[in-house]
Amino acid sequence: MTTSATTPEVTTPEAVSAPVTKSSSRFDGAFERWALVGALGLLVLLCVATLPQFRTASLFTTMLNAQSLVLLLALTATIVLRLGDFDLSVSQTMVATAAIVAVMTKNGYPAYVAIITALALGALVGAINALIVVRVGVDSFVATLGSYTALAGFAYLITDSRIVAGVPDGFVNFSRSQLLGLPMITWYAWVLVVVLWYIYQRTPLGRYTVFIGGNRAAARLAGISVDRIRTSAYIVSGLLAAFIGICFAGYFGAVDPSVGAQYMLQPFAAAFLGATAITVGRFNAWGTVAALYLLTVGITALQLLGAQTWVTNVFYGLALIVSVTAAKLVGKRRAGART
């Protein structure tokens, strides 16, 4: 005998509010995920409405292509950041490997020898970073900042503190040749977006990186090869930075050993700001893309309004502070929601 048909339905305050709370939670989650993308869309609409230059397709193409190097660096930075570490050396690895390519080809070495040497340097930098951080236990921020500084000196050494021009046409074509109206370097960046999105979101390795970044001790207890994955991440980061250096040499056709600092802040600002979007609380590929182009549109608008060149550095510096703070607050909020 059942009593469900005759038992009166009791309506409590909790019962009334539960659907609302669930719906509100769902709305809050969607807002968190897509707020940054919405901000990018609103900023673009505002710029189109107020600045005539934004009404031309050429400006959007220019912004898309001009940020290819930064996008590649930002995506590379996320590989180590997902594991709870830093690799500040990526931008200077790019410059050092670009310098190797420019100097070796200028001195008559075959292109393939220069490429192999550049990639070997990238792998070596990654291995050294991994040895110091993973095996020895030095703080990753300090260790990779040291690598950054050493690589800056190395770039000045091999270029004799001069701009090295005359990069062979093969490298120039590798970066600049057009496909569907876009240079190859832009395609390389978007291929990397898709590859990292797939690894981060669709593979066990992507889940392991999140686990390691959240709690290494728990990850070890779960049987995950924490040290091996962290070491591999540093080596992959170094190899990708070397590949970006090869693209850099071809894209500009010359290498200035002093430009490393110009590419240090933007990738990390985009990576941290991107962690507050799409896959909230995690460094992710599409969030990084949205964050980078939000920053790019903002900088471009300021420049069109007549802002001085120093505004770019101030803007990216403040963006980095805001993005790191936002990522930290999101992490605390999500941690509090789980307890």
Side-chain angles (χ1 to χ4, degrees), residues 71-97 100 115-148 150-151 188-189 191-247 264 267-268 270-272 274-275 279 281-288:
L71 179 56
L72 283 165
L73 289 170
L75 292 167
T76 301
T78 65
I79 294 171
V80 173
L81 285 170
R82 276 178 74 93
L83 297 165
D85 290 318
F86 279 92
D87 186 358
L88 298 177
S89 65
V90 288
S91 64
Q92 203 61 60
T93 302
M94 174 190 75
V95 176
T97 52
I100 282 179
I115 292 171
I116 291 172
T117 305
L119 292 174
L121 175 63
L124 178 63
V125 171
I128 291 173
N129 285 338
L131 175 65
I132 296 171
V133 174
V134 180
R135 299 298 178 184
V136 179
V138 177
D139 181 79
S140 62
F141 189 95
V142 175
T144 58
L145 182 60
S147 298
Y148 171 94
L151 286 165
Y188 302 147
V191 167
L192 186 58
V193 170
V194 174
V195 169
L196 289 183
W197 165 79
Y198 182 81
I199 292 173
Y200 291 164
Q201 302 298 128
R202 296 289 186 266
T203 68
L205 179 59
R207 294 189 288 273
Y208 294 162
T209 59
V210 173
F211 199 2
I212 293 169
N215 191 325
R216 285 177 196 153
R220 285 192 178 92
L221 290 174
I224 298 173
S225 301
V226 174
D227 289 351
R228 183 181 300 174
I229 292 174
R230 291 176 70 201
T231 298
S232 299
Y234 273 108
I235 294 173
V236 170
S237 178
L239 282 169
L240 278 175
F243 171 78
I244 300 168
I246 295 169
C247 295
M264 188 179 186
F268 286 95
F272 274 96
T279 309
R282 303 174 184 175
F283 295 99
N284 65 92
W286 289 112
T288 301

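Hydrogens, waters and symmetry mates are skipped; everything else that's a heavy atom, side chains included, is used.
Using a 4.5 Å heavy-atom cutoff, the side chains of L151 and V95 are not in contact. A heavy-atom distance below 4.5 Å is found between the side chains of T203 and Y198. Counting heavy atoms from C-beta outward, F268 and L81 have side chains that approach closer than 4.5 Å. With a 4.5 Å cut-off on side-chain heavy atoms, V80 and L83 do not count as touching. No side-chain heavy atom of T93 sits under 4.5 Å from any side-chain heavy atom of D87. Within the 4.5 Å cutoff, the side chain of P267 has no heavy atoms near those of the T76 side chain.
Contact between N284 and G274 at its shortest, heavy atoms only, is ND2-O, 3.2 Å. Here the closest non-hydrogen pair linking V193 and A285 is O-CB, 3.6 Å. Minimum heavy-atom separation, I100 to A118: CG2-N, 4.3 Å.
Under the 3.5 Å distance criterion, the side-chain polar atoms of S232 are matched with a main-chain donor or acceptor of R228. Using modelled atom types, one side-chain atom of T144 and one backbone atom of L88 make a donor-acceptor pair closer than 3.5 Å. Panel note: side chain R82, backbone F283; a donor-acceptor pair is recorded below 3.5 Å.
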Using atom types as modelled, flag every donor-acceptor pair under 3.5 Å from a side chain in residues 133-141 to any protein atom, sequence neighbours excluded.
from : atom 1 : to   : atom 2 : distance (Å)
D139 : OD2    : F141 : N      : 3.0
D139 : OD2    : V142 : N      : 3.3
S140 : OG     : F86  : N      : 3.0

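For the atom pair OG1 of T97 and CD of Q92, the computed distance is 10.0 Å after rounding to the nearest 0.5 Å. Here the CZ atom belonging to R220 is positioned 10.0 Å from the CG atom belonging to N215, to the nearest 0.5 angstrom. Residue I244 holds its CD1 atom at 4.5 Å from CG of L72, rounded to the nearest 0.5 Å. Between L205 atom CG and I199 atom CD1 the span is 6.5 Å, to the nearest 0.5 Å. Between atom CG of residue L75 and atom CG of residue L192 there is a gap of 5.0 Å, rounded to the nearest 0.5 Å.
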Check your understanding: Should L131 and Y234 be marked as a side-chain contact (heavy atoms from CB on, under 4.5 Å) after you check the CA-CA gap, both sets of side-chain angles, and the distance that decides it?
Key -> CA-CA 9 Å; L131 175 65; Y234 273 108; over 6 Å; no
Check your understanding: Given T78 and Y200, is the side-chain hydrogen bond (donor to acceptor under 3.5 Å, both in side chains) satisfied, shown in steps?
Key -> CA-CA 10 Å; T78 65; Y200 291 164; 2.9 Å; yes
Review point. Would D227 and R216 satisfy salt bridge (charged side-chain N to carboxylate O under 4.0 Å, His left out), going step by step from the backbone distance to the final call?
Key: CA-CA 9 Å; D227 289 351; R216 285 177 196 153; over 6 Å; no
Practice item. Take I224 and I212, measure what side-chain contact (heavy atoms from CB on, under 4.5 Å) needs, and give me the verdict at the end. Key: CA-CA 8 Å; I224 298 173; I212 293 169; 3.9 Å; yes
Point to revise | Derivation of the side-chain contact (heavy atoms from CB on, under 4.5 Å) call for W197 and R202 | key: CA-CA 8 Å; W197 165 79; R202 296 289 186 266; 3.8 Å; yes
Review point. Passes side-chain hydrogen bond (donor to acceptor under 3.5 Å, both in side chains), S147 versus N129? Steps please.
Key: CA-CA 7 Å; S147 298; N129 285 338; 2.5 Å; yes
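Residues forming a side-chain contact (heavy atoms from CB on, under 4.5 Å) with I115 (at least two apart in sequence, or on another chain): L119, F171, I246.
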